[in-house]
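Keep in mind that what you see is a predicted model, and the values were worked out from it rather than measured. In what follows, chains are A, B, ... by sequence order, proteins preceding strands, each numbered from 1. Side-chain atoms are counted along with the backbone in the values below, which use heavy atoms only and exclude waters and symmetry mates.
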Number of protein chains: 4
Amino acid sequence: MNKQDRILDAAIDVFVQRGYADTRMDEVAEKAGVAKGTVYLHFASKEALFEAVIENALAPIREALEFMDGNAHQEPVDAEALHRFYRKISGFVETGVPGAVMRLVIAESGRFPGIAETYFKTIIEPGLGHLSGILDKGAKEGTFRGEMIREHPMVLIAPVLLAVLWKQLFQDFKPLDTAQFLDTFADMACQGLIPERKQP
Amino acid sequence: MNKQDRILDAAIDVFVQRGYADTRMDEVAEKAGVAKGTVYLHFASKEALFEAVIENALAPIREALEFMDGNAHQEPVDAEALHRFYRKISGFVETGVPGAVMRLVIAESGRFPGIAETYFKTIIEPGLGHLSGILDKGAKEGTFRGEMIREHPMVLIAPVLLAVLWKQLFQDFKPLDTAQFLDTFADMACQGLIPERKQP
Amino acid sequence: MNKQDRILDAAIDVFVQRGYADTRMDEVAEKAGVAKGTVYLHFASKEALFEAVIENALAPIREALEFMDGNAHQEPVDAEALHRFYRKISGFVETGVPGAVMRLVIAESGRFPGIAETYFKTIIEPGLGHLSGILDKGAKEGTFRGEMIREHPMVLIAPVLLAVLWKQLFQDFKPLDTAQFLDTFADMACQGLIPERKQP
Amino acid sequence: MNKQDRILDAAIDVFVQRGYADTRMDEVAEKAGVAKGTVYLHFASKEALFEAVIENALAPIREALEFMDGNAHQEPVDAEALHRFYRKISGFVETGVPGAVMRLVIAESGRFPGIAETYFKTIIEPGLGHLSGILDKGAKEGTFRGEMIREHPMVLIAPVLLAVLWKQLFQDFKPLDTAQFLDTFADMACQGLIPERKQP
DNA sequence: TATGAATGAGGTTTCATTCAT
DNA sequence: CATGAATGAAACCTCATTCAT
C-alpha cells in the first residue's frame, strides 16, 4: 500500500474519531507510520487532507450504490423488492462505515461547505436517481403507486438516515435493530397504516 | 434581558455557525456585548458554556413537544390527525431552530458524549412516548394499525429528521418543501404504496 | 476590631500560605469578611497591602525583642544567662510566627527589595545591638569571652535561623526539637568542642 | 552546548531572579535563544521545567559535598580540621550558587512541597551524614568532644546557612565576610565562650 | 523523498483593579 | 464608606506548518 493511501487511511480514522478541529497532524502521521513532514509532501494542508479524506471515504458508498443500481432493472418492483432493497442497505449500515462518514459530513459542513455539495453530488443525487428509476418502473408496471412519492423519493431514504444516525448517537441508550426497523418501515410503506382504504 | 441570557444567545449563534472548536470566547463576548472576562463570571469554562447552550437550546423544542402532547388526547387518531401532526412539526422545522441544534448535537457528540444523552432524554424519549401513546390509542379505537410499528415508533420521526438535515445540508442544491414532503410521507404511511392490498 | 486590621490579619494568613504571587485579593477580602472593593479603600494596591502586612507582621517580633532587651541588664552574663536567652527564643520559635514571616521575607525579597531592608532595620539590627550589649557586658565583667565574637554577634543568631527554617522546610522529614537543639548550641558555645584547652 | 541545557541555564537565572510565579516562559525562551514553543519540546510545563531546574541546580552542591566527603577520612579531627572545613565551604558560598538555589527552595517550598524533600534528601541528609562521621571519628580519637552535639550535627551547618542567607538579603546593609565569619564560629565552637571551664 | 526539531500565532483562562450603585 | 459586577491585559500552552539535514 502506498504512502499516500496509508496517510488517507490513518486520517479518516482520526478525523472520524475526533472531528476536524481536534485532529492533530502528528497523530495522523504517527498512525500512518510516517513523519509529520511527510504528510505535507502529499497534502498541502490539513484542510486539503480533510477534503481528500472525505472524497476517499465516499468511494465505498458510491460503489455500493452503483452496485445496487446495476441490479435494479432485472427484477420487478413490488413489496418484496422494497424489502430486499432495505435488507441490502441494512447490511451496509451495520458496518458503521456510512454512519461515521455521514456524521463527519454533517459536523463539518459548516466549516467546509464544499463537502455537503460533494456528498450531495456523489451520494444523494445518484441515490435519488436510482430511486426515481425504481418508482417509475413500478408505476409503469402497475405494481407500485410510485407516483405518490415521485416528487419526494427521499422519503425512502429517511428511515436509512434515521438508522444511521441512531447508531451513532443513541445506540447506547436504546439499541436499534437496523434490519428489523427497516423491515417495519417497508411494511408500513407498502401496506399503509389505515385499515379501511377507500377504493379508488 | 439579563447578561447571562445575552451570553447564551450570542453563544448559541456562534457555536452553531462555527462548531465548538472554532468558536472563540472573544467572539461570543463581543457578540453578547460584554468583555471577555465577563463570560467567565457566568460560565466556568468554554465547555460549561457549551453545555449550558445546549441545555438552553433544547428548551423550546421540549416545550413544543409538551404542547403537542397536551393536545394529543382530545382528537381521534386517523389519517387526518397524522397530517395535522406533521403540519405542526413542519412549521417548527421551518424556523430552522431544531436543525441548527441537531447539527450541533451530531457534530459534537463525539467530544461531549453527554449531549447525545441529554438530547435523547429530553427530546427523543419523550417524543417516542408521545408517539407510542398515539399509536396505542389508534389501535384501540380501530382507526389505526398502530401495532404494525408499535416497536418502532421512530419510523414516524424519520422524515422529520430527514427534512431537518436536508435544510441544513442540501437546501442550496435541491430545495425541499418541508410541508409538502411531510404531507407526502403521511399519505404514504396511511395508504401504502401497494395498490392491491389483501383484505385482513 | 476595625476593618483595616481585619484585612491585615486575613492577608498575612493568605500571603504566608500562598506567597505573594499566588495570593488573590478575592481570598483576602473573603477571609476578612469584606467585599473585594473594600480592600482598595484601605490599601492602594496588592503591593501596598503586602508591604503593610510585612510591617504589621514584624511588630510582635520587634516587641518580643524589646521585651528581652528590657530584661537584659538586670542579670549577669554567664552560661546560665545564655541558656535562658535561647529558652525564651525557643518558646517564640515554636509558635511558628517568626518562621512564617521569615520565609515570606526570604521568598519575596527578590521582588520587594524594600522588605529585606525593613526586616534588617526592624529585627536584625536591633537584635544585633542587643547581643552586642550583652557581649560587652560579659566581657567587662570577665564572665564571658565576648570579644571573641564581638565583630560577629550574628553567630549567636545562626542556630535560631536554622531552627526557624528547619521547622518550615524539613520538620516532616526529620523533626527538630527546638529547645533541645538550642540548648545543645549553648553548651557548645560556652564550653567548646576541644577537650584540652590551653589555660589563658 | 545542547538546547536542553541552554534552556535549563536560562531558566535557573530567571527563576532565581523573579521567583516561580513571576517567571514568564517567554523570557526563559528568549534568554535561551529559542522560540516559546521549543521550551515545551523539552519540558512538559512550567512546573516540570522548574523541577528540572532545581534538580539541575542541586547537582554542583551535591558534587561539592561528595568531594568533601571523599577527603574527610584522611585527616585527623581537630580544631584545625574544623577551620579547614569552613574555609572550603566559604569559597563555595562566595560563588553565590548555593544561596540563590536555597532562596528559591525556601521561597517555593510552599507551592512545591516536593522540592523541600528533594533538597533534604540531596543536600541536607548527606551533609548531616558527613558531619556525623567526622564527629564520631573525633570522639573515638579523643580529639573532639563530638558526643556533645552528636544528636544535633546541624549546629555546624547553622553558620553556613546564616552566611548564605545574609549574602542574599542583607549584604547591602551590612556586609558579611563569609570567611572571617565562619572562622570566628569555628573558634567559638572549639574553645567555647566561657573562660573558666569546670574540669570534668 | 523523508525527517522531526523548531517556530510563533492564537486560544483559553486568571485576576488586579475600577466604578456605578 | 461599602459593594461586587465588569474589565482587559497578560500568561501558559497547543499545534499547523516550515526547512535544514
**Report entry** Spacing between N2(A) atom CG and dA2(E) atom P, to the nearest angstrom
**Finding:** 10 Å

**Report entry** Verdict with supporting geometry, K3(B) and T38(B), side chain to side chain contact (heavy atoms under 4.5 Å, CB included)
**Finding:** CA-CA 9 Å; K3(B) 208 157 285 196; T38(B) 304; 4.0 Å; yes

Report summary line: Rounding to the nearest 10°, end axes of the helix from dA2(E)-dT21(F) to dT21(E)-dA2(F) built from five pairs each make an angle of 10°

**Report entry** Partner set under side chain to side chain donor-acceptor pair (under 3.5 Å) for E108(A), not counting sequence neighbours
**Finding:** none

Under 3.5 Å, N/O pairs linking protein and nucleotides 17-21 of chain F:
from	atom 1	to	atom 2	distance (Å)
dT17(F)	OP2	Y40(A)	OH	3.0
dT17(F)	OP2	K46(A)	N	2.9
dT17(F)	O4	K36(A)	NZ	3.4

Report task. Using atom types as modelled and distance alone, determine if a side-chain donor or acceptor of S109(C) lies under 3.5 Å from a backbone N or O of I106(C). Result -> yes

Query raised in the report: Is there any ring-ring contact (aromatic ring centres under 6.0 Å, His included) pair reaching into residues 23-54 of chain C, and which pairs are they, with sequence neighbours excluded?
Result: F15(C)-F50(C), Y20(C)-F50(C), F50(C)-F112(C)

Report task. Just grab all the side chain to side chain donor-acceptor pair (under 3.5 Å) pairs involving residues 52-62 of chain B, residues at least two apart or on different chains. Result -> none

Query - Side-chain heavy atoms of L169(C) within contact of Y119(D), under 4.5 Å - result: no

Query raised in the report: For K121(B), what residues pass the side chain to side chain donor-acceptor pair (under 3.5 Å) criterion, not counting sequence neighbours?
Result: E117(B)

Query raised in the report: Who passes side chain to side chain donor-acceptor pair (under 3.5 Å) against D22(D), sequence neighbours left out?
Result: R111(C)

Query raised in the report: So which of residues 9-21 of chain A are in contact with DNA chain F, with a heavy-atom cut-off of under 4.0 Å?
Result: none

Report summary line: Walking DNA chain F from its 5' end, the first of T38(D) and T38(B) to be reached, judged by nearest nucleotide, is T38(B)

Query - Closest-nucleotide ordering on DNA chain E, the 5'-leading residue of G33(A) and L41(B) - result: G33(A)

Query - Atom-pair distance (CD on E30(B); P on dG8(F)), nearest Å - result: 12 Å

Report task. Would you indicate, yes or no, if dA5(E) has its OP1 or OP2 atom less than 4.0 angstrom from a side-chain nitrogen or oxygen of K3(D)? Result -> no

Requested in this report: Would you mind telling me which residue lines up with the more 5' stretch of DNA chain E, R24(B) or H42(D), judged by nearest nucleotide?
Outcome: H42(D)

Report task. Taking side-chain contact (heavy atoms from CB on, under 4.5 Å) as the test, write out the residues that go with D5(D), two or more places apart. Result -> M1(D), N2(D), L8(D)

When the side chains of residues 23-30 of chain C are checked against the rest of the protein, which donor-acceptor pairs come out under 3.5 Å, sequence neighbours left out?
from	atom 1	to	atom 2	distance (Å)
T23(C)	OG1	V14(C)	O	3.4
T23(C)	OG1	G19(C)	O	2.7
D26(C)	OD2	K36(C)	NZ	3.3
E27(C)	OE1	R18(C)	NE	3.0
E27(C)	OE1	R18(C)	NH2	3.4
E27(C)	OE2	R18(C)	NH2	2.8

Query - Atom pair distance, as rounded to whole Å: CD in Q4(B) and P in dA6(F) - result: 10 Å

Query raised in the report: What pairs of residues pass the salt bridge (Lys or Arg N to Asp or Glu O under 4.0 Å) test when at least one of them lies in residues 42-52 of chain A, not counting sequence neighbours?
Result: none

Query raised in the report: Please give, in whole Å, the distance from dC15(F) C1' to D22(B) CG?
Result: 14 Å

